[in-house]
Amino acid sequence: MFKKFSPSTDIAGQTPVKSSVQRGIRAAVLAQWKIEPETLEAIWPKKEGLVHVKWWASPRILMRSPPDPYILPKVGIDRGAIRFLLAGAPMMCPGLTSKGGYLPSGAEALPAGTAVAIHAEGKEHAVGIGSLKLGTEDIRRINKDVGVELTTYLGDDLWALKSL
């Protein structure tokens, strides 16, 4: 999605988000990701505002500076899937369910459409951010086709962007 992203030509405009809308987003983040308010405060201080970025494609982006993948639920890929992720390919179910992969299960299972941080086997930090095409239980059961659709990944232009 952001393989050839250039802020100078692709961004149509940016506006600050109203504080009332930011409070609603903070409440939704606390409810959806089940994190402590102190943790959210450390990641996204109340004094730090959001910016609504409009770009040439239809999606809108809410950004803070810098973007932080640490609050997202974690999924893991095996070593064999790393090269495909770095090329911008969607993550296939076998790369998530193999010995080196990781999917939350049981009470922590995630539904389809959930935004996730993608971690690679043997690496400390997230290497991509995407959304689940199938729920984690379905990924485990079906074990074929696309499991995670990439939004951004290590090395693409959005990931490398320091500020707008």
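Counting begins at 1 with the first residue of the sequence.
- Smallest separation of non-hydrogen atoms from His52 and Val17: N-CG2, 3.8 Å.
- Enclosure of atom CD in Glu149 by more than 12 non-hydrogen atoms of other residues, nucleotides or ligands within 6.0 angstrom is indicated.
- Shown here for Glu108 and Tyr102, the closest heavy-atom pair between the two residues is OE1-OH, 3.9 Å.
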Working note: Val116 + Ile129, criterion side chain to side chain contact (heavy atoms under 4.5 Å, CB included); need CA distance, chi angles, decisive distance, verdict. CA-CA 6 Å; Val116 294; Ile129 296 174; over 6 Å; no
Would Val127 and Ile82 count as a side chain to side chain contact (heavy atoms under 4.5 Å, CB included) here? Give the steps. CA-CA 9 Å; Val127 293; Ile82 294 173; over 6 Å; no
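- There is a path of hydrophobic side-chain contacts, each under 4.5 Å, that joins Ile25 to Leu40.
- For Ala115, the side chain to side chain contact (heavy atoms under 4.5 Å, CB included) criterion is met by Leu72, not counting sequence neighbours.
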Take Val148 and Ile77 through the test side chain to side chain contact (heavy atoms under 4.5 Å, CB included) and record every step on the way to the result. CA-CA 10 Å; Val148 179; Ile77 57 171; over 6 Å; no
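- Among all heavy-atom pairs drawn from His119 and Lys74, the shortest one is CD2-CG, 3.3 Å.
- Partners of Arg26 by salt bridge (charged side-chain N to carboxylate O under 4.0 Å, His left out), not counting sequence neighbours, listed by chain and number: Glu41.
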What do the steps show when you test Val51 against Thr15 for side chain to side chain contact (heavy atoms under 4.5 Å, CB included), and what is the final call? CA-CA 6 Å; Val51 177; Thr15 56; over 6 Å; no
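- Sorted by first and then second residue, the side-chain hydrogen bond (donor to acceptor under 3.5 Å, both in side chains) pairs with a member in residues 92-101 read Asp78-Ser98, Thr97-Asn143; sequence neighbours excluded.
- Nearest heavy-atom pair, Pro90 versus Val146, reported as atom, atom and distance to 0.1 Å: CB-CG1, 3.7 Å.
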Output side-chain donor-acceptor pairs under 3.5 Å for residues 131-141, partner residues at least two apart or in another chain, one line each.
residue: Thr136; atom: OG1; partner: Pro104; partner atom: O; Å: 3.3
residue: Thr136; atom: OG1; partner: Leu110; partner atom: N; Å: 3.0
residue: Asp138; atom: OD1; partner: Arg141; partner atom: NH2; Å: 2.5
residue: Arg140; atom: NH2; partner: Leu103; partner atom: O; Å: 2.7

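- At a threshold of 4.5 Å between side-chain heavy atoms, the hydrophobic network of Ile, Leu, Val, Met, Phe, Trp and Tyr places Leu150 and Met92 in two separate groups.
- Residues passing the side chain to side chain contact (heavy atoms under 4.5 Å, CB included) test with Glu38 are Glu36, sequence neighbours excluded.
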